[in-house]
Amino acid sequence: MALIIENSAKATTSNLLLYKYPLEVFREIEYQSLMTVITRFPPSPTGFMHIGTARTGLFNWLYARRHGGKMLFRIEDTDRSRHSEEAVQAIINGLNWMGIDWDGDVVSQFARSDRHAEVAHELVKAGKAYYCYCTPEELEQMREDAKKEGRPTFYDRRWRDNPPSAPPEGVSPVVRIKAPMSGERVVHDKVQGDVRVAAEQLDDFIILRADGTPTYMLAVVVDDHDMGVTHVIRGDDHLNNTFRQNVIYEAMGWDIPSYAHLPLILGPDGAKLSKRHGATSVEEYRDMGYLPEAMRNYLLRLGWSHGDDEIIETEQAIKWFDLEHINQGAARFDFDKLNFVNAHYMKLADNDRLADLTIDIYKLRGINVSEIGRARLMARMDELKSRAKTLVQLADDAEFLVRDIPYEFEEKAAAQLNEDGKFIVRVIHDNLTGLSAFTADELESLCKSTADYHRDGKLGKVMMPLRAAVTGKASSPSLVHAMEVLGLEEVSKRIEYALSKL
RNA sequence: GUCCCCUUCGUCUAGAGGCCUAGGACACAUCCCUUUCACGGAUGCGACACGGGUUCGACUCCCGUAGGGGACGCCA
């Protein structure tokens with residue numbers, strides 16, 4: 001029987017089915033095998049995308065793609081003051097940069113508040129929720145008393161079954177849900193296993209505020225249900241909320257989705273990753289010169305593993321990703337490892353793309369790169385990308401290729417151009433025009449013979465002053481290759497400038 | 001204060017009771033390559049938090065302790 005259903009599931013396309021029939025009808029048919037995986041990415045519009053949010057998004061996306069399902073995108077803007085178009089755009093930009101896409105429209109939770117209220121009232125009508133007229137002062141008092149007495153919850157359920165009085169005039173009530181009062185509650189979590197909590201730990205929490213707007217707890221459940229979400233993959237900080245959310249699912253008689261709670265990302269010092277640690281948002285990582293494919297790989301490995309594999313490209317990740325190998329402990333963010341992964345993907349990256357990205361960085365620095373500058377960059381890109389860990393480093397390494405004189409000399413470079421240094425640079429300069437060809441090989445032999453004749457064969461004594469003159473720096477990529485790319489005219493110009501300036 | 005979760009090299013992790021003399025990667029150290037800085041190659045250093053059980057046998061299972069993280073809003 002199971003087999004037959006499985007086969008027919010492959011024959012039909014479950015996606016089509018979803019559109020053809022109303023969701024409710026579809027849900028009546030309880031063919032597990034027909035169900036496509038539907039995950040969701042529900043950020044709060046905070047104005048930027050936290051790196052932890054990005055990882056959660058990545059995991060949801062990977063899981064949906066792995067199973068040929070969908071990842072939905074919903075903005076958690078129940079609190080209307082949070083809603084801002086720029087903030088939503090920031091999240092979308094972050095996702096785009098990360099290379100993560102989603103299915104369907106961006107759903108605004110705020111726009112669905114009528115539906116949320118409808119559910120709350122339905123629960124009241126069914127006797128599963130009730131109006132509560134407590135004032136903030138009363139609640140504050142209850143909270144204090146509960147803390148003093150060491151009780152687990154504070155709300156005393158005074159409006160639940162035996163209201164103390166008739167509803168007071170002119171007070172708009174909140175709606176509270178009736179949480180179970182005894183027994184053990186279990187959440188089956190794909191990462192943490194079965195998590196148990198005593199019902200006594202659960203309050204009759206508020207699902208609809210006095211102003212008629214839904215609380216987060218209600219909104220997530222209603223939206224996840226209406227959107228057909230089958231797998232909720234989210235941060236560990238929601239594990240406790242899950243018990244509350246399940247109360248709503250049960251009261252409505254809805255199917256509870258599969259849960260997977262990911263441990264949080266900690267800062268290098270083991271404390272919760274915060275602004276204090278520097279970069280927390282994906283745009284900051286972009287600005288630090290990290291490649292999105294490197295971020296994906298690094299974030300994937302932070303908490304998930306596939307044996308000893310370290311370098312896992314996204315296509316491979318889609319084939320491999322599962323919930324079973326998510327680690328249970330929180331992981332620390334480690335820049336060294338990120339740098340290593342990024343360096344790897346830099347080597348793999350297309351030269352043209354790297355040139356464009358590097359030129360973007362120069363623009364930010366106020367350096368306008370000419371066609372010639374770009375050509376020089378491209379000519380040396382194979383070497384440049386093999387030595388840099390980030391785009392910013394690459395840009396630093398290659399800046400001398402795209403800049404014109406006058407430029408500043410690093411302190412260590414200036415030191416190279418003492419009298420001895422200047423003498424050697426002059427010798428090289430005088431012999432440049434005599435070269436049979438202005439190539440790296442010819443330049444190298446010139447340097448070597450100059451070293452042999454004037455500096456006892458010590459090549460460094462020639463290269464270092466020359467490097468200082470041509471690049472303004474004490475270290476650089478291969479000097480003779482750079483000189484070849486710069487060309488005779490430019491090299492002469494730079495040497496003359498250096499000799500005159502220092 | 002109450003509850004929940006977690007704990008293998010400095011860091012990310014492999015490990016499904018004997019395959020473990022605990023494997024890989026990053027970082028670090030040394031050496032090689034080298035005109036500088038890097039890249040690359042080789043080698044090395046380095047961990048089962050602690051204490052009790054269960055078992056012929058425990059990194060793996062159970063219970064405590066300690067440490068870390070999270071949640072307890074008319075925030076999300």
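Chain letters run A, B, ... following the sequence lines, proteins first, then strands; residues in each count from 1. Predicted model, so just to flag it, every value in this text is computed and none were measured.
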* To do: Determine the contact category for Cys134(A): base if any of its heavy atoms lies under 4.0 Å from a base atom, sugar-phosphate if only primed atoms, P, OP1 or OP2 are that close, otherwise nothing.
  => base

* Would Arg74(A) and Asp224(A) count as a salt bridge (charged side-chain N to carboxylate O under 4.0 Å, His left out) if you check the C-alpha gap in whole Å, the side-chain angles of each, and the deciding distance to 0.1 Å? -> CA-CA 10 Å; Arg74(A) 182 176 71 223; Asp224(A) 282 348; 2.8 Å; yes

* Structure fact -> Under a 4.0 Å heavy-atom criterion, the protein footprint on nucleotides 28-35 of chain B, written with B, S and -, is -------B

* Asked: For every nucleotide of nucleotides 3-18 of chain B, 5' to 3': is a protein heavy atom under 4.0 Å from its base (B), only from its sugar-phosphate (S), or from neither (-)?
  -> SSSS----SBSS----

* Quick one: side-chain contact (heavy atoms from CB on, under 4.5 Å) partners of Glu149(A), sequence neighbours excluded? -> Asp145(A), Arg151(A)

* Structure fact -> Contacts of Pro263(A) meeting side-chain contact (heavy atoms from CB on, under 4.5 Å) (sequence neighbours excluded), chain-then-number -> Gln192(A), Asp236(A), Ile326(A), Ala330(A)

* **Stretch residues 168-178 of chain A: residues that reach within less than 4.0 Å of RNA chain B through a heavy atom** => Val174(A)

* Torsion-based syn/anti label for C39(B), 90° from 0 as limit -> syn

* Asked: Nearest-Å distance, CG (Asn342(A)) to P (A38(B))?
  -> 18 Å

* Rounded to the nearest Å, what distance is computed from the CD atom of residue Glu76(A) to the P atom of nucleotide G73(B)? -> 19 Å

* Asked: Taking the six-membered ring of Tyr298(A), is the NZ or CZ of Arg296(A) close enough (under 6.0 Å from the centre) and on axis enough (within 45°)?
  -> no

* Cation-pi check, Arg185(A) onto Phe243(A) ring (under 6.0 Å, within 45° of axis) -> no

* Asked: Any side chain to side chain donor-acceptor pair (under 3.5 Å) pairs touching residues 407-426 of chain A, not counting sequence neighbours?
  -> none

* May I ask you to decide if the ring planes of Tyr285(A) and Phe333(A) are parallel, tilted or perpendicular, using 30° and 60° as cut-offs? => tilted

* Asked: Which nucleotide in the list C26(B), U36(B), C74(B) gets nearest to the side chain of Leu139(A)?
  -> C74(B)

